[in-house]
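Just so we're clear, the structure is a prediction, and the values are computed from it rather than from any experiment.
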Amino acid sequence: MATATIKCPNCGGGLQFNPELQKSKCRYCLSEFTAQDLAAVLQAIEQRAERKRAEAKAAEAAAAAAATPEEAEAARLTAAAKAETAAAISAEASELSEATEQAAAEEASLLQTAAGYVCDSCGAEVMTDATTSATFCYYCHNPILITDRLTGENRPTRIIPFTYDREKAEAAFLKWARSRRFVPKSFYSSSQLEKITGVYLPFWMANYQAEIDIAGKGERVRTWQTGQVQNTETSIYEIARQGTIDIDHIHEAAIRKFDRKLIDSLSPYDERKAAPFSMSYLSGFFAEKFEIPRQEVEPIIENQARNYTNVLVQEVIGGFDKVDLERNQVDLKVKGWDYALMPAWMLTYDYRGKKYIYAVNGQTGRSFGELPVDNKKLSFTSLIIGLIVLLLVLVGGYFIW
């Protein structure tokens, strides 16, 4: 499997993207580079990855053509045995406790999807799952790009770079947690943070254009009183609306391995600040490639575009008490698709024996997740409110009687 580390042109050290500088920075000689500065280096990495991909496909085709029937049968039996083992692990998991079940299921999944690669800096072999496209070497800690998963049909077209680094993301999360009234003080006053990971998540993103052609009649009714006579006036208006509406940056997550509620909570992103994809933005972070094909999300995104168009149409013909449309034609046309990566920080807290997982938008700092509740503080507040209400009732009753 092809891998690469983006190395400093000056000293050869591994570069990492710095969200505050919006540049790649060398932690050894402290040199800084923009994506444009590294264009030649990145192009060479992509070309090498494409060449290795082509060589691997050619070797695989040649091996398949030259294989004897016995060898082909042996390969088939090996694959079947692997799938059978994974299925056995999953079946066994169903008979175990919830925690053990999850671990066994993960083991079965890993057996099916784990892949090994070689760090091009130290030569160590490291395992990763089938969707990871950027990670770190466990041994030399250099950032590693799995270039097979970032080139060809797997190459993203757009990316929203991180603007929040680790410290800034943690500060944003703590500020959000402290703003919640009933969170125990010990949750954020002591070191409960177990892990924080910056990861680029894959999304499919589409731009639509809606052609609107609407015609009909609208009524406005006005009533007023003159003495004992109630007057009603009905005004009828011709409605004619034609035009084009651009609906841009509708996106849908392209990965299943993360909790969907957490991913959805990260929106909104400012897609206007998305940049053309460059591998340099990934260096120093984890990244995931899509596992949900575009064809699967196309109906979902089109439905979102249609719903948004309907809302806009209601706004432009609003203000009437009654609307009778003779023609209501809305034609949707997709203008283009993007495979985009968007930044997120995933935080894991271990608090009083329970794990809490949170998400922080890597562009805006928006935080989301289930926070623990201080029951004593909640009970005390409820008691105070109850006493205040009781006091108001007693005082009100005293003055009434």
Between [X] and [Y], is any pair of side-chain heavy atoms under 4.5 Å apart?
X	Y	answer
Pro202	Pro156	no
Gln242	Gln329	no
Val330	Asn328	yes
Ile196	Arg166	yes
Ile212	Thr244	no
Gln22	Phe17	yes
Leu21	Glu32	yes
Pro161	Pro19	no

Looking at [Y], is its backbone amide N or carbonyl O close enough to the side chain of [X] to form a donor-acceptor pair, meaning the two atoms are under 3.5 Å apart?
X	Y	value
Arg27	Gln16	no
Thr232	Gln230	no
Asp264	Ser267	no
Thr5	Pro143	yes
Arg158	Phe277	no
Tyr200	Ala134	no
Glu50	Gln47	no
Ser24	Leu15	no
Thr131	Lys289	no
Thr34	Asp37	yes

(request) Run the numbers on Tyr358 and Trp345 for ring pair (Phe, Tyr, Trp, His ring centres under 6.0 Å), then give the verdict. (result) CA-CA 8 Å; Tyr358 303 97; Trp345 287 98; over 10 Å; no

Among all residues two or more places apart in sequence or in another chain, which pass the ring-ring contact (aromatic ring centres under 6.0 Å, His included) test with [X]?
X	result
Phe258	none
Phe286	Phe136
Phe203	His251
Phe368	none

For [Y], is there an ion pair with [X] - N to carboxylate O distance below 4.0 angstrom?
X	Y	answer
Asp129	Lys257	yes
Asp270	Arg272	yes
Glu233	Arg222	yes

Minimum-distance pair of heavy atoms, taken over all atoms of [X] and [Y]:
X	Y	value
Glu288	Leu341	O-CD2, 3.6 Å
Ala275	Tyr281	CB-OH, 3.9 Å
Ala305	Ile247	O-CD1, 3.6 Å
Val360	Leu266	C-CD2, 3.7 Å
Val297	Ala253	CG1-O, 4.2 Å
Thr364	Tyr164	O-OH, 3.1 Å

(request) Enumerate the residue pairs fulfilling ring pair (Phe, Tyr, Trp, His ring centres under 6.0 Å) with a member in residues 312-331, sequence neighbours excluded, ordered by first and then second residue. (result)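 Ring pair (Phe, Tyr, Trp, His ring centres under 6.0 Å) check on residues 312-331 returns Tyr237-Phe320.
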
(message) Tell me whether Lys261 at atom NZ has more than 12 heavy atoms from other residues, nucleotides or ligands lying less than 6.0 Å away.
(response)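 No, NZ of Lys261 has 12 or fewer neighbouring heavy atoms, counting only those of other groups under 6.0 Å.
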
(request) Evaluate whether atom CD of Glu153 has more than 12 neighbouring non-hydrogen atoms of other residues, nucleotides or ligands under 6.0 angstrom away. (result)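 Yes, the 6.0 Å shell around CD holds more than 12 heavy atoms from other groups.
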
(message) Could you walk me through whether Ser278 and Gln36 satisfy the side-chain contact (heavy atoms from CB on, under 4.5 Å) test, starting with their C-alpha distance in whole Å, then the side-chain angles of each, then the deciding distance to 0.1 Å, before giving a yes or no?
(response) CA-CA 9 Å; Ser278 169; Gln36 290 74 23; over 6 Å; no

(message) Taking the ring of Tyr208 and the ring of Tyr308, is the distance between their centroids below 6.0 Å?
(response)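 No, the ring centres sit 6.0 Å or more apart.
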
(message) Apply salt bridge (charged side-chain N to carboxylate O under 4.0 Å, His left out) to residues Glu211 and Lys333 and explain how you reach the verdict.
(response) CA-CA 8 Å; Glu211 295 291 340; Lys333 180 175 68 176; 5.7 Å; no

(message) Checking Asp246 against Lys335 for the salt bridge (charged side-chain N to carboxylate O under 4.0 Å, His left out) test, could you report, in this order, the C-alpha distance in whole Å, the side-chain angles of both residues, the deciding distance, and whether it holds?
(response) CA-CA 9 Å; Asp246 290 319; Lys335 296 189 294 182; 3.4 Å; yes

Rounded to the nearest 0.5 Å, what's the gap from [atom1] on [X] to [atom2] on [Y]? Could you check?
X	Y	atom1	atom2	answer
Asp248	Asn207	CG	CG	4.0 Å
Thr151	Arg48	OG1	CZ	11.5 Å
Ile45	Asp120	CD1	CG	8.0 Å
Glu46	Arg155	CD	CZ	4.0 Å
Ile239	Lys217	CD1	NZ	9.5 Å
Glu219	Ile236	CD	CD1	5.0 Å

(request) Just do the side-chain contact (heavy atoms from CB on, under 4.5 Å) check on Phe290 and Asn154 with the steps written out, would you? (result) CA-CA 8 Å; Phe290 73 89; Asn154 293 321; 3.7 Å; yes

(request) Name all residues meeting the salt bridge (Lys or Arg N to Asp or Glu O under 4.0 Å) criterion together with Arg241; count only those two or more places apart in sequence or in a different chain, and write none if there are none. (result)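 Counting only residues at least two positions away or on another chain, Arg241 forms no salt bridge (Lys or Arg N to Asp or Glu O under 4.0 Å).
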
(request) Could you give me the CA-CA distance, side-chain angles and deciding distance for Glu291 and Ile255, then say whether side-chain contact (heavy atoms from CB on, under 4.5 Å) is met? (result) CA-CA 5 Å; Glu291 58 178 334; Ile255 192 165; 3.0 Å; yes

(message) Under the criterion salt bridge (charged side-chain N to carboxylate O under 4.0 Å, His left out), I'd like the reasoning laid out for Glu296 against Arg256: C-alpha separation, chi angles, the key distance, then a yes or no.
(response) CA-CA 12 Å; Glu296 189 173 325; Arg256 295 187 177 94; 2.7 Å; yes

(message) For Asp259 and Ile357: C-alpha separation, side-chain torsions, deciding distance, then whether side-chain contact (heavy atoms from CB on, under 4.5 Å) applies.
(response) CA-CA 10 Å; Asp259 182 82; Ile357 299 177; over 6 Å; no

